[in-house]
Amino acid sequence: MLAQIMEKFKGGVSVPHHKPTATMATVPLPAPKLVVIPLQQHIGAPCQPLVKAKELVQVGQVIADSSAFVSAPIHAPISGKIKHIKPILLANGKRIDAFTIENDGNDTPVAEMGPVTITNKKELIQAARDSGLVGIGGAGFPLHVKLAAKEPLDTLVINGAECEPYITSDYREAIENTDRIITGMLTVMDQLQIKTGIIGIEDNKPQAITALAEAVNRQPGPNTHQRIKVMKLPTRYPQGAEKMLIYATTGRKVAPGELPASVGCLILNISTISLFQHYLDTGMPLTEKRITVDGNNIVESKNLRVPIGTPIEDILTFCGGLKETAGAKIILGGPMMGIAQFDLTLPITKQTNAITCLSAKTATQPQEMPCIRCGRCTRGCPMNLLPLEIERALKNKDAQSLKEHHVAACMECGCCAFVCPSNRRLVQYMREGKVIERGAR
């Protein structure tokens, strides 16, 4: 059933579409010779190793875990031998221990793996934790923590917006595993007693909208089409941001510092709900995922299914390599919120949804000019912030002013920098401001 949009969020920008991979079916990447598995791929406590160097592991085996509630176990994506465990420097600047596993070529799964049966909320939460799932393509919030919300929930919102340029991994999930998405939604809604499910998806994805609406009607049960609605959203970045999506689909506003559960909503990525149902159907935890490889500097754009921990360089090689290397930029994620890479031996993680490859001409930042006080950054900010005032407070190292201007509420979407005619490095200033504000707490 198609539903009408509730509200349009303030601000945002129109970004180039650039999605040539939308029509490209997902292809598997041959298992790499080795994978690198960081022990933290989620928000929360890092995991501790459960295996040692030289030990043999199997696909789906838990190789690291934590007793902390906000954490998620890590599973072996290939079978083989643990080569070593040593620290690596991730793209976000964090140094964390990581496994390196040598592939034995056998792809041997854990023997006891099989479908998972759940009959209540407690079993649902345990299954979510056992799956190792975190927010796909986002900050990596563990799935079981979201499902364990103490507040009463009445609406499940599925994020299918995928509003960044180039990325089509969620779009292909909606096309290729449509029924599994709807089944996963019903599973969660039944166990958490959630009445309404909404899939929010931008109107530039008509094939996915039609496929999802037809899948709702195919589901057994007389009330499925009344419980789950597909909502066509205007194409505007960052439509897929958590607070923007909740406002668009329900009309509810999540206050600064609050979570969606505070307004009765549970929000999950469309690939997350699909992969969770896959775990319930097969018992296979999160060991591989779909990513989009695209940009104007890659020889062959593709949607790939890759083992978690695959080095970036292996993926680029499979896609024919880069067209040029001097001055080129490789970004994990999309061009708006992704992080540029300095080392192509680094792996993709649970949160990676894309690798964007840009040429030197495209990636070169124009010279930063003085602010002309035009106010475009303020009008473009979907969080109603004042980027200019935050930049001024940063330059003065004024932690109190940073707090008063709510720098912590910035989600680093990049709208302010995108519309700035003076090419101010506003997202960088926001990040630096957060560091100063946190240090003064």
Side-chain angles (χ1 to χ4, degrees), residues 35 37-51 55-79 82 99 101 107-150 153 156 158 173 177 180-181 183-194 266-290 305 307-309 349-352:
V35 294
I37 310 294
L39 298 189
Q40 186 172 25
Q41 301 183 46
H42 49 263
I43 282 180
C47 292
Q48 301 300 315
L50 299 181
V51 293
E55 282 193 43
L56 298 177
V57 296
Q58 298 175 324
V59 180
Q61 178 181 337
V62 180
I63 56 176
D65 204 349
S66 169
S67 59
F69 178 62
V70 185
S71 188
I74 294 171
H75 302 81
I78 60 174
S79 61
I82 303 291
F99 292 105
I101 306 176
D107 202 28
T108 307
V110 174
E112 61 271 19
M113 191 178 297
V116 178
T117 302
I118 55 173
T119 58
N120 54 51
K121 179 179 179 178
K122 183 178 179 180
E123 292 176 351
L124 178 79
I125 294 170
Q126 185 61 51
R129 191 184 193 287
D130 292 343
S131 72
L133 274 162
V134 303
I136 302 294
F141 204 82
L143 174 60
H144 71 277
V145 178
K146 285 190 174 186
L147 299 183
K150 295 180 180 179
L153 303 173
L156 170 62
I158 298 298
E173 189 72 39
N177 294 302
R180 196 168 75 186
I181 292 166
T183 302
M185 289 181 67
L186 291 171
T187 299
V188 171
M189 291 169 66
D190 288 344
Q191 301 305 328
L192 297 185
Q193 298 181 347
I194 295 175
L266 170 65
I267 183 164
L268 300 174
N269 176 271
I270 198 167
S271 293
T272 301
I273 194 70
S274 179
L275 289 172
F276 181 51
Q277 186 60 46
H278 174 68
Y279 169 73
L280 297 178
D281 292 340
T282 65
M284 177 60 73
L286 181 59
T287 59
E288 61 179 18
K289 65 173 305 184
R290 180 189 295 101
R305 188 172 66 251
I308 290 170
T349 63
K350 294 181 180 182
Q351 305 102 304
T352 308

Between CD1 of I136 and NZ of K350, what distance do you get to the nearest 0.5 Å?
-> 8.5 Å
Side chains of M185 and L156: does their closest heavy-atom pair fall under 4.5 Å?
-> yes
List the steps, then state whether side chain to side chain contact (heavy atoms under 4.5 Å, CB included) holds for V145 with F69.
-> CA-CA 7 Å; V145 178; F69 178 62; 3.9 Å; yes
Indicate whether the side chain of T183 and that of Q277 have a donor and an acceptor atom separated by less than 3.5 Å.
-> no
Smallest heavy-atom separation, A72 atom then G132 atom, equals CB-O, 4.2 Å
Identify the heavy atoms of A149 and L153 that sit nearest to each other, and give their distance.
-> CB-CD1, 4.3 Å
In short, I181 meets I270 closest at the heavy-atom pair CD1-CG1, 3.6 Å
The reported gap from CD in Q351 to NZ in K289 (rounded to nearest 0.5 angstrom) is 7.5 Å
Shortest non-hydrogen pair, S66 vs A45, comes out as OG-CB, 3.9 Å
Check whether any side-chain heavy atom of V51 lies under 4.5 Å from a side-chain heavy atom of F99, and answer yes or no.
-> yes
At what distance, to the nearest 0.5 angstrom, does CD1 of I63 lie from CD of Q48?
-> 13.0 Å
Check against side chain to side chain contact (heavy atoms under 4.5 Å, CB included), Q41 and V134 | CA-CA 8 Å; Q41 301 183 46; V134 303; 5.9 Å; no
For G60 and V110, work out which heavy atoms get closest and say how close.
-> C-CG2, 3.6 Å
Heavy-atom distance under 4.5 Å between the side chains of F276 and L268, does that happen here?
-> no
Close side-chain approach of S274 to R180, heavy-atom, < 4.5 Å = yes
With S71, which of H144, R129, H42 fulfils side-chain hydrogen bond (donor to acceptor under 3.5 Å, both in side chains)?
-> H42
Could you grab the distance from atom CD of Q126 to atom CD1 of I118, nearest 0.5 Å is fine?
-> 11.5 Å
If you measure from CD on E288 to CG on L275, what distance do you get to the nearest 0.5 Å?
-> 9.0 Å
Could you please spell out the steps behind the side chain to side chain contact (heavy atoms under 4.5 Å, CB included) verdict for Q191 and L147?
-> CA-CA 10 Å; Q191 301 305 328; L147 299 183; over 6 Å; no
Identify the two heavy atoms, one from G309 and one from I37, that lie closest to each other, and give their separation to 0.1 Å.
-> CA-CD1, 3.7 Å
CE-NE2 distance between M284 and H278, expressed to the nearest 0.5 angstrom | 6.5 Å
For the pair T272 and K146, evaluate side chain to side chain contact (heavy atoms under 4.5 Å, CB included) and give the outcome as yes or no after the intermediate values.
-> CA-CA 12 Å; T272 301; K146 285 190 174 186; over 6 Å; no
Partner set under salt bridge (Lys or Arg N to Asp or Glu O under 4.0 Å) for D130, not counting sequence neighbours = none
